[in-house]
Every structure is written in structure tokens, then in C-alpha cells.
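Indexing begins at 1, ligand by ligand and atom by atom, following the structure's order.
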Amino acid sequence: MRFSTDAIHAGQEADAATGATIVPIYQTSTFTQRGLGEHLGFEYSRSGNPTRRALETCLAALEGATHGLAFASGLAAETATLSTLTPGDHVVAADDLYGGTKRLFEQVLRPLGVTFSYVDGTDADAFADALTPSSRYVWVETPSNPLLRLTDVRAVADLAHAAGARLVVDNTFATPFLQRPLELGADVVVHSTTKYIGGHSDVVGGAVLTNDDGLNERFAFYQNAAGGVPGPFDAWLTLRGVKTLGVRMVAHCANARAIANALEGRRGVTRVHFPGSVAHPQHELARRQMRDFGGMVTFELAGGLDTADRFFRALRVFSLAESLGGVESLACHPASMTHAGLPEEERTRRGIGPGLVRLSVGIEDAADLLEDLEQALEAAVG
Ligand SMILES: Cc1ncc(COP(=O)(O)O)c(C=O)c1O
């Protein structure tokens, strides 16, 4: 089936017990068994739950994967992916990563003996140079956060495979509607379903999708052994959200494009980062690798922190908040919010200055969003 049909139907047949059209919230920790070894496929909800199973089947279909596993958060999904590593193993990662991912690498995995090298994610050759015989994973986010840089998934998958490593793509920003990394050669896709997949900023979750039977067996073992699973209600909320992913992404992309166009050349805005702009250094790659350019727009305000603060305080429709991917528009100041954990010199090196603003463009009426930004810019920079 095609994307939105799968989003609404994959894994979501009418309930076998009752005929319920919508997958019920199986809010139960345990399942009654008929006799020893005789049950209906479920025994205990950490090991398996029908609502979670429906979500896992649906997300696998959307990413074109044979296997899908849902987790309690994006970071729990990442931890499951990393659980295959042992001391001495090495990971090559793009340097423009979600801060929590870097914290997991550096403060949880590194003390356990796993090593990490960081390279410019826009430079495929840099991955080749950093790969060693101990490299097990190459790990990228594309588009990246907050500067919306792209990694060439096909090129990096080939390099990883030539070195005996697997490519993991965090597809949170693009979603499978815009980009399907497994079809481009990636081995594993991870998601924070908290973002566009859930889509309504009301549930935290994560997922791991793969076509590799061996890897999936290890991730599934870890899911049950470590137990970081979503509860049935969280799985159900995510499943309800994902049904509209296709139509929401079309609206997010259209609004983001309108906003990027309006910001480009606006007085007081020194730079706009948006993969859909012809000025974006990887616009051609974005056209090749993505169906559309996404709902995130990042821009730089002249004038630094005080100007940025005036801008955020003046916003009326956009909320000043962390996170992204919900139907409502959010504005965030990466230097003091999402990326505050990075040392200042690293922020500066990565281009995350005091005037940088990241927008998660929602699906409200574009004219209201444009008017809100214009009046906030007027208040901040005139
Ligand atoms: C790209 C990306 N990956 C992973 C995560 C972590 O997901 P969660 O917050 O659901 O644990 C985030 C959260 O912001 C993210 O933006």
C-alpha cells in the first residue's frame, strides 16, 4: 500500500476479539493463558502488547522495514541500537547531533569502553577517513539539528559497508514521509516519535526499524531484557498521531517554505538555513534524497542575545519551547535551550551563536504565522 494508507491501516486490522475498528488500548500488564504454554500470543506487556505491536507494525511499514520496535523515548530507542556494542567498539558520528544523543554517547557509552569519532556530516570523505577496523556503526541525523545540514545517506552507507560497519540514520526530522533511509542503503533507522510521528506534542516515544534479521533479534532481546517500552496508552496516542503524518507533513513543508521565503532578505536576518532554499549548500542533495524539505527553519538574527530575547518575547502564535514536530508552531533558542549542554567554544565552532533561532513550523494558517514573525521581528530589529 501507499504511505497514508499504511499510516491508517498497517497493523490496524479490526480487533479480532470485538471487531473494534480502531486498535484498542490494551491497558493490561498480563494476559490470561488457557493452559501451560497455550496463549493468544501475548503473556506480559513488557514482552509484547497488542497496542504496541500495532504501532510497531505500522512504523515498520512506513519506513519500508521488515521489523519495527517501539520504545519509551527516542533515547531509549537509541540505547537499544547501541546495545549491540561491546568495549573496544567504535562509532563514527556526524558532529551535528541532537545534544541528548551526544550525551548518551559520551557519558553512558564511552565510560563502558565504546569510542566515538565525530566528523563533518556534510563531507562523505570525512566518514571514510574516520572509519577503523573497530568501527561498528556510522551514526547520522539528516537534516541535522539545528542547522539543517544534510548527509548523503547513499554515499555514507556505501562507505560504512565497505569498512564492515552499519549505518544508523536518525530520521526524526525528515520522517519516512520525506525520506526513507533504508531504501538509500541505511541499515537501521531510529526515531524520536515524540516529534512529527506523534505529531501533537502529547506523548514521548521512540522506534527502531531495520530489515536486518540478526540486528532486530538483538534489539528485540534488549527491548525485553532492559524493558524501556512505551505503555499501551502512549503507543495508542502515537498510533493515532501517525495516521495523519502524510497530510501534516505536506502542511508543515508548505508553511516552512513560505516562512523561509519571507525571512530571506528580511532586514535584521543575516542568514536562513532551510534545505528547500536554492542558497542552501546541499539543496541538490535535498532534492535527490528527500520528497520535500521539511518543517524546520533556522535563521540568524543580527544583534545577538538581547535581540533574540526581544524577538521571542514578542511572539504570539509561536511558543518559546523545546521540542519540535507538533501541529503547533514552536520557536527555540538553541544556544540557551537544546544545545546549552555543549561547551561554548563547541557551539561557536558549530555555528550555534546567540542570535540563532530555530523554528518548528506548525500547521496553523500560514498568514497568521507570517504576521506573527513579522511583528516579532519588527519588535526585535525594526
Ligand atoms: C533528532 C532527535 N533524535 C532523538 C531525540 C531524543 O528523543 P526523545 O526526546 O524522544 O528521547 C531527539 C529529541 O529532541 C531529537 O531531536
*State which residues pass salt bridge (charged side-chain N to carboxylate O under 4.0 Å, His left out) with R103; sequence neighbours excluded, sorted by chain then number.*
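R103: no salt bridge (charged side-chain N to carboxylate O under 4.0 Å, His left out) contacts found.
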*Using the test salt bridge (charged side-chain N to carboxylate O under 4.0 Å, His left out), find all partners of D15 that sit at least two apart in sequence or belong to another chain.*
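Salt bridge (charged side-chain N to carboxylate O under 4.0 Å, His left out) check on D15 returns nothing, list empty.
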*Considering all heavy atoms of both residues, which atom of G326 and which atom of H252 are nearest to each other, and what is their separation?*
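Distance-wise, the nearest heavy atoms are O-CE1, 3.2 Å.
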*Examine F299 together with H273 and report whether their ring centres are nearer than 6.0 Å.*
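No, ring centres 6.0 Å or more apart.
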*So D234 and R52, salt bridge (charged side-chain N to carboxylate O under 4.0 Å, His left out) or not? Walk me through it.*
CA-CA 9 Å; D234 284 4; R52 188 174 95 219; over 6 Å; no
*Which pairs pass salt bridge (charged side-chain N to carboxylate O under 4.0 Å, His left out) with one or both residues in residues 251-280, sequence neighbours excluded?*
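Salt bridge (charged side-chain N to carboxylate O under 4.0 Å, His left out) check on residues 251-280 returns R257-D292, R266-E374, R266-E378.
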Could you go through ligand 1 and note, for every N or O atom, any protein N or O atom closer than 3.5 angstrom, writing the atom names and distance to 0.1 Å, or 'none'?
| residue | atom | partner | partner atom | Å |
| --- | --- | --- | --- | --- |
| ligand 1 | 3 (N) | D170 | OD2 | 2.6 |
| ligand 1 | 7 (O) | S192 | OG | 3.0 |
| ligand 1 | 10 (O) | G74 | N | 2.9 |
| ligand 1 | 10 (O) | S192 | OG | 2.8 |
| ligand 1 | 10 (O) | T194 | OG1 | 2.7 |
| ligand 1 | 11 (O) | G74 | N | 3.1 |
| ligand 1 | 11 (O) | L75 | N | 2.9 |
| ligand 1 | 14 (O) | K195 | NZ | 2.7 |

